[in-house]
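Keep in mind that the numbers below use all heavy atoms, side chains included, and drop hydrogens, waters and symmetry copies. Quick note on labels: first sequence line is chain A, next is B, and so on, each numbered from 1.
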Number of protein chains: 2
Amino acid sequence: MSTGGEVGGPRWHQVMTELAGQIGAGGFRPGERLPVEAELAARFGVNRLTVRQALAELARAGAIRTVHGRGSFVAERPYRFRVRATAPSIVAQMREGAHTVTQELVAHAVVERSDLPEPVTLPDARLLRLDTVMAVDGEPWSRDTTWLSAERFAGVPSVWTPQTSLTGLLAGAYGITTRRSWRRHSAEPASAADAAALGIALGTPLLVLTGANSDGDGEPLTQTHRRTRGDRIEYEIDLDPDPDV
Amino acid sequence: MSTGGEVGGPRWHQVMTELAGQIGAGGFRPGERLPVEAELAARFGVNRLTVRQALAELARAGAIRTVHGRGSFVAERPYRFRVRATAPSIVAQMREGAHTVTQELVAHAVVERSDLPEPVTLPDARLLRLDTVMAVDGEPWSRDTTWLSAERFAGVPSVWTPQTSLTGLLAGAYGITTRRSWRRHSAEPASAADAAALGIALGTPLLVLTGANSDGDGEPLTQTHRRTRGDRIEYEIDLDPDPDV
DNA sequence: TAGTGGTCTAGACCACCGG
DNA sequence: CGGTGGTCTAGACCACTAT
């Protein structure tokens with residue numbers, strides 16, 4: 001610093017890069033609380049709102065996490081979980097990696113087929129809709145909605161536990177082998193509901209997956225809408241036929 | 001309004017949903033300029049900063065586009081381009097749909113292999129790096145970086161035009177058929193450079209693709225890093241073996 | 001109850017755009 | 001040049017968290 005060079009850019013941007021640099025250099029440890037906003041404002045010689053804009057950008061980028069009434073904390077694991085998009089069960093993949101995965105069932109209802117997002121691939125008119133929140137190693141990770149036949153799978157909600165994997169449940173209780181059918185990926189800002197459920201700032205980028213799975217015969221079985229923290233996931237799509245497997 | 005119902009939530013959120021409703025209901029046409037911030041502030045009876053927070057959220061969601069010195073405009077096409085992730089050339093796909101696609105070469109350089117993002121699949125030590133900005137129907141759409149052998153393809157920059165498709169160029173001038181090899185998808189907030197190149201607000205969600213293509217024999221040929229506006233793209237991944245093809 | 005972040009205001013000045 | 005959004009300040013009060 002004090003190289004005499006042009007500093008340039010808005011003050012909040014300078015504050016942001018300065019803080020990001022200190023975090024990256026280990027000046028603040030993962031999980032550690034940053035100084036309070038008023039303290040940062042005094043330290044940088046700027047108004048508190050200027051500090052807040054810098055912190056907001058850091059939060060969107062996943063470098064810190066800000067909690068109302070408690071403070072801003074350096075992100076625990078700057079880690080992006082890599083998931084194979086071509087496999088049907090994400091839960092199974094993660095548990096292979098010795099991670100704790102839970103899926104809390106926050107709501108379920110029987111809905112009409114018009115409730116499904118495009119493209120609609122399920123044949124049933126009445127569908128069971130499961131709204132769940134997935135957490136990895138205790139940290140909220142994605143907000144998921146799954147639709148499946150209300151008639152065939154009416155008993156699913158009553159046997160659901162946070163340890164349930166839908167793919168595993170269908171295999172165990174119904175003898176159905178699930179296969180992936182199609183996937184679509186896009187990116188959206190977190191809505192107020194997303195932010196509340198995932199403990200992130202409003203507007204944080206989410207990776208949005210919509211997709212469907214079919215049974216062993218290729219018949220449509222489930223349809224899914226998953227909203228995952230963008231800073232915590234990376235979908236991997238292997239297209240080359242691998243001759244070693 | 002004045003239904004007597006609970007309004008709830010912060011004022012900026014109310015302003016946001018009110019404006020979003022008017023846009024959705026056709027109160028403002030696509031491309032139309034919104035009233036200036038001071039006018040909106042007066043109309044809603046709030047401070048200009050409160051209006052600005054509402055507009056910032058609408059911009060992140062892609063509903064409006066704000067331009068310094070000119071104003072905020074309702075998004076032209078609330079349209080998400082659907083792209084098959086399993087095909088090698090996105091440019092070809094879009095032109096099939098009768099869309100105008102240009103790729104401006106903004107920079108090119110010869111770099112070391114360490115410049116490549118993980119996982120590194122190209123064998124060459126010295127690589128040609130192409131930085132381009134893709135526009136669809138005149139609107140900036142993605143920021144791309146492509147690496148390929150500096151030795152074999154040294155002539156590429158000198159023949160590049162905005163109409164060039166790299167896949168087409170390799171086929172035409174080098175007789176090479178390109179195949180997709182692997183892809184990774186994640187989501188990130190737009191950096192300052194992204195925002196400037198794509199004409200979007202800082203922090204807007206981007207769909208980030210990293211991937212590689214190989215030649216007909218499966219030999220690694222190119223590696224790509226593409227940052228696309230999240231509100232303008234949807235990657236489609238077909239996994240079911242299609243018996244008709 | 002004290003400390004923290006979240007919201008809002010009033011006012012000022014700067015940077016960019018177009019005629 | 002006038003009009004627009006972008007930044008910054010000083011100060012106030014509210015909502016949430018922990019003790």
Pairing residues for [X] by the side chain to side chain contact (heavy atoms under 4.5 Å, CB included) criterion, not counting sequence neighbours:
X	value
A:A107	A:D131
B:L116	B:R113, B:V120, B:L122, B:L127, B:W147, B:Q223
A:P162	A:T102, A:E104
A:H99	A:F81, A:V136, A:D137

Distance-only side-chain donor-acceptor flag, A:E18 / A:Q22, under 3.5 Å: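 Yes, a side-chain donor-acceptor pair sits under 3.5 Å.
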Touch class at under 4.0 angstrom, heavy-atom based, for B:R52 against every strand present: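 It contacts base atoms.
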For atom CZ of B:F73 and atom P of D:dG3, their distance in whole Å: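 Distance, rounded to whole Å: 16 Å.
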Value in whole Å for how far the C1' atom of D:dA18 lies from NE2 of A:H68: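 In whole Å, D:dA18 C1' lies 13 Å from A:H68 NE2.
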Residue closer to the 5' end of DNA chain D, A:P10 versus A:V67 (nearest nucleotide):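 Its nucleotide being nearer the 5' end, the pick is A:P10.
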Span of DNA chain C in contact with chain B (heavy atoms, under 4.0 Å):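 Contacts span C:dT7 to C:dG18, reading 5' to 3'.
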Residue pairs passing the salt bridge (charged side-chain N to carboxylate O under 4.0 Å, His left out) test where at least one lies in residues 191-201 of chain A, sequence neighbours excluded: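 Pairs touching residues 191-201 of chain A that pass the test: A:R143-A:D194, A:D194-A:R227.
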Residue pairs, two or more places apart or on separate chains, that pass salt bridge (charged side-chain N to carboxylate O under 4.0 Å, His left out) and touch residues 53-62 of chain B: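 Listed by first then second residue: B:E57-B:R60.
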For DNA chain D, the residues among residues 34-50 of chain A that have a non-hydrogen atom under 4.0 Å from it: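 Residues of residues 34-50 of chain A under 4.0 Å from DNA chain D: A:G45, A:V46, A:N47, A:R48, A:L49, A:T50.
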Sequence neighbours left out, cut at 3.5 Å: what donor-acceptor pairs do the side chains of residues 43-54 of chain B make with other protein atoms?
residue, atom, partner, partner atom, Å
B:R43, NE, B:E39, OE2, 3.4
B:R43, NH2, B:E39, OE2, 2.9
B:N47, OD1, B:L49, N, 2.8
B:R48, NE, B:E37, OE1, 2.9
B:R48, NH2, B:E37, OE1, 3.2
B:R52, NH1, B:E37, OE1, 3.4
B:R52, NH1, B:E37, OE2, 3.1

